Every structure is written in structure tokens, then in C-alpha cells.
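See structure below.
Numbers here are sequence positions counted from 1. Predicted model, so just to flag it, every value in this text is computed and none were measured.
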Amino acid sequence: MTSSLKVAILILGFLCPCSADITSRGPPSDVNSLTREVNELEENLAVNQLAILHLLNRDPSELNNERMSTMESEVQEELRHLREVVEEFTTLREDLITLKNFVYVGKFFHHERKDFYVNREQKLSWTDSRRWCQVRGSDLAQPTGDLISFMQRVHHLVLPYVGSASHEAVWMGASDIASEGQWFWLSGTQLPNNFPWDGIQPDNGGGNEDCLEIAYKRDGTNVFYNDHVCTYPRHFVWEL
């Protein structure tokens with residue numbers, strides 16, 4: 001079995017940690033049905049990836065040339081199938097995002113295997129923003145991975161919708177309400193020590209800045225993570 005084939009399969013698995021069995025489908029009738037299709041693709045592709053890895057991990061000494069040739073053909077077929085699945089999954093996700101944007105006024109985007117929605121139409125307090133998200137089955141955004149990239153993505157999506165104020169912001173799913181100076185995501189996970197706060201932030205200005213926001217200048221010159229008073233009205237980011 002060629003090493004290039006094995007590398008190709010592993011790279012494919014890294015690029016698309018999703019999965020599936022391809023079946024014919026008609027146009028989805030609503031967001032929920034399309035979401036179920038995407039979830040089924042993710043679950044089934046994992047099975048296909050495990051099958052390929054099982055073939056790759058067999059001891060070649062146990063196999064004759066004929067069997068090795070058969071295995072390589074099987075892996076080639078699975079690889080072809082996985083490529084089809086990646087294409088199908090990408091199409092489904094694009095369809096899903098398109099449908100969601102018909103349902104809500106705002107912008108959906110994908111980050112670190114999660115979907116997020118920037119509410120650009122409403123401004124609510126941090127608590128009311130949470131309530132808006134919870135009614136829809138989730139909560140304010142609690143991203144992982146590259147937090148700078150996430151911040152910049154949100155800024156890009158929300159900036160055209162700011163009002164006349166020179167300074168705007170969107171709420172995120174973290175606070176130090178429970179214990180001053182101890183910042184936690186709503187999941188209960190503490191913000192990492194290297195969380196990219198801006199400058200001297202969080203500074204608890206005025207003694208009551210307990211909620212996390214992404215703040216930005218209207219002219220786009222600066223965007224940063226900041227602590228602020230939780231009762232202020234803000235746009236917000238919903239984690240689906």
C-alpha cells in the first residue's frame with residue numbers, strides 16, 4: 001500500500017472531521033430537516049473513516065499480494081466515497097446557512113466546528129441577550145481555538161450595522177458575576193490565562209463591569225475584548 005495514499009486519507013480526515021452515507025435527497029423543507037441531514041452526514045462519515053483506518057492498520061506480513069491488491073482497491077474506493085461525502089456535506093452546510101438567514105435577520109458563520117449567529121438587528125442587555133438565545137435552545141457564544149480570528153470575524157459581520165455612536169460592541173457568553181476577577185464561560189469553563197484581553201482589560205471600570213463584550217470603533221480602526229456593564233444594550237453572538 002502506498003504511503004501517499006495513506007497520507008491522502010489522513011489529510012482528508014483532518015480537513016473534514018465530519019461524515020456520512022450518501023443517499024439521494026430532495027430539497028429540504030425547513031431548517032430542522034436540513035440540520036438533521038447534516039448531523040447524519042457527520043455521524044456516518046466517522047464510520048467510513050474508521051473502516052479505512054482499520055484497513056491501513058492491518059499487518060502486511062499477514063497478507064499475500066493478492067489480498068494487498070484487493071485492500072488497496074478497497075481503500076481507493078473508500079477514498080473516492082469520502083471525497084463525494086465532503087462535497088455533499090459542504091453543499092448541505094451551505095444550504096443550511098442559506099436557510100437560516102431566511103429565518104433570522106443577522107449572519108451565520110462557522111468557527112472551530114461550531115455555528116454562530118450575529119444578531120445585528122436587536123440590542124439587548126447581557127441577561128436579555130442570554131434569554132433570547134436560551135429560548136432558541138442555546139446560549140451566548142463561547143468560542144474555542146483562535147479567539148482573535150473569532151473576534152475579527154464578528155467585527156467584520158456586525159460593523160456595517162452600527163448606529164451613530166463612535167463605539168459599539170456585541171455581548172459574548174462569559175462574565176465574572178459570580179466572583180470578581182474570575183472570568184468564566186457560561187459552560188463553567190474558566191477563560192484561559194492567555195485570553196486576548198485588550199491592554200489593561202478587564203479593568204472593572206466604575207466597579208460594575210462584569211460581562212464580556214467584543215468592542216470596536218465605528219471606523220474599524222480597533223476591535224478588542226473588553227469587560228462592560230451588563231445592563232447596557234448590545235448586539236450579541238448566539239452559539240447554536
Is the side chain of Trp171 donor-acceptor paired with the backbone N or O of Tyr232 at a distance under 3.5 Å, no angle test?
yes

Verdict with supporting geometry, Asp128 and Arg131, side chain to side chain contact (heavy atoms under 4.5 Å, CB included)
CA-CA 5 Å; Asp128 286 342; Arg131 186 175 296 113; 2.4 Å; yes

Hydrophobic cluster membership, with links at side-chain heavy-atom distances under 4.5 Å among I/L/V/M/F/W/Y: are Phe184 and Ile214 in one?
no

Sub-4.5 Å side-chain heavy-atom contact between Ile177 and Cys230
yes

Stepwise, does the side chain to side chain contact (heavy atoms under 4.5 Å, CB included) test hold for Tyr225 with Leu191?
CA-CA 12 Å; Tyr225 286 106; Leu191 269 62; over 6 Å; no

Per ring-ring contact (aromatic ring centres under 6.0 Å, His included), His155 is matched among Tyr216, Phe109, Phe224 by Tyr216

Validation row: Asp176, Asp227 side chains within 4.5 angstrom (heavy atoms):
no

Tell me whether the centres of the aromatic rings in Phe195 and Trp183 are closer together than 6.0 Å.
no

Determine the minimum heavy-atom distance between Met172 and Pro143, stating which atoms define it.
CE-CD, 3.5 Å

Any chance you could measure Phe236, atom CZ, to Ser125, atom OG, to the nearest 0.5 Å?
9.5 Å

Could you walk me through whether Asp139 and Gln134 pass the side chain to side chain contact (heavy atoms under 4.5 Å, CB included) check?
CA-CA 5 Å; Asp139 217 323; Gln134 290 170 335; 3.5 Å; yes

Is there side-chain contact between Met151 and Leu147, with heavy atoms separated by less than 4.5 Å?
no

Do you know which two heavy atoms are closest between Gln142 and Lys114, and how far apart they sit?
O-NZ, 3.4 Å

Closest contact, heavy atoms only, Ala169 versus Glu213
CB-OE1, 3.1 Å

Do Leu212 and Trp197 make a side-chain contact, defined as non-hydrogen atoms from C-beta onward lying under 4.5 Å apart?
yes

Shortest non-hydrogen contact from Asn204 toward Glu209
OD1-N, 2.9 Å

From CD (Glu239) to OG1 (Thr144), nearest 0.5 Å
8.0 Å

Among Glu121, Gln122, Lys123, whose side-chain hydrogen bond (donor to acceptor under 3.5 Å, both in side chains) with Asn119 holds?
Gln122

Start with the C-alpha distance between Trp126 and Asp210, add both sets of side-chain angles, then the distance that settles side chain to side chain contact (heavy atoms under 4.5 Å, CB included), and finish with yes or no.
CA-CA 10 Å; Trp126 187 82; Asp210 296 324; over 6 Å; no

Does any part of the side chain of Phe116, heavy atoms only, come nearer than 4.5 Å to the side chain of Ser138, both counted from C-beta?
no

Shortest non-hydrogen pair, Trp185 vs Ala141, comes out as CZ3-O, 3.7 Å

Gap between atom CG of Leu240 and atom CZ of Arg136 - 0.5 Å precision:
11.0 Å

Shortest non-hydrogen pair, Leu140 vs Ser129, comes out as CD2-CB, 3.9 Å

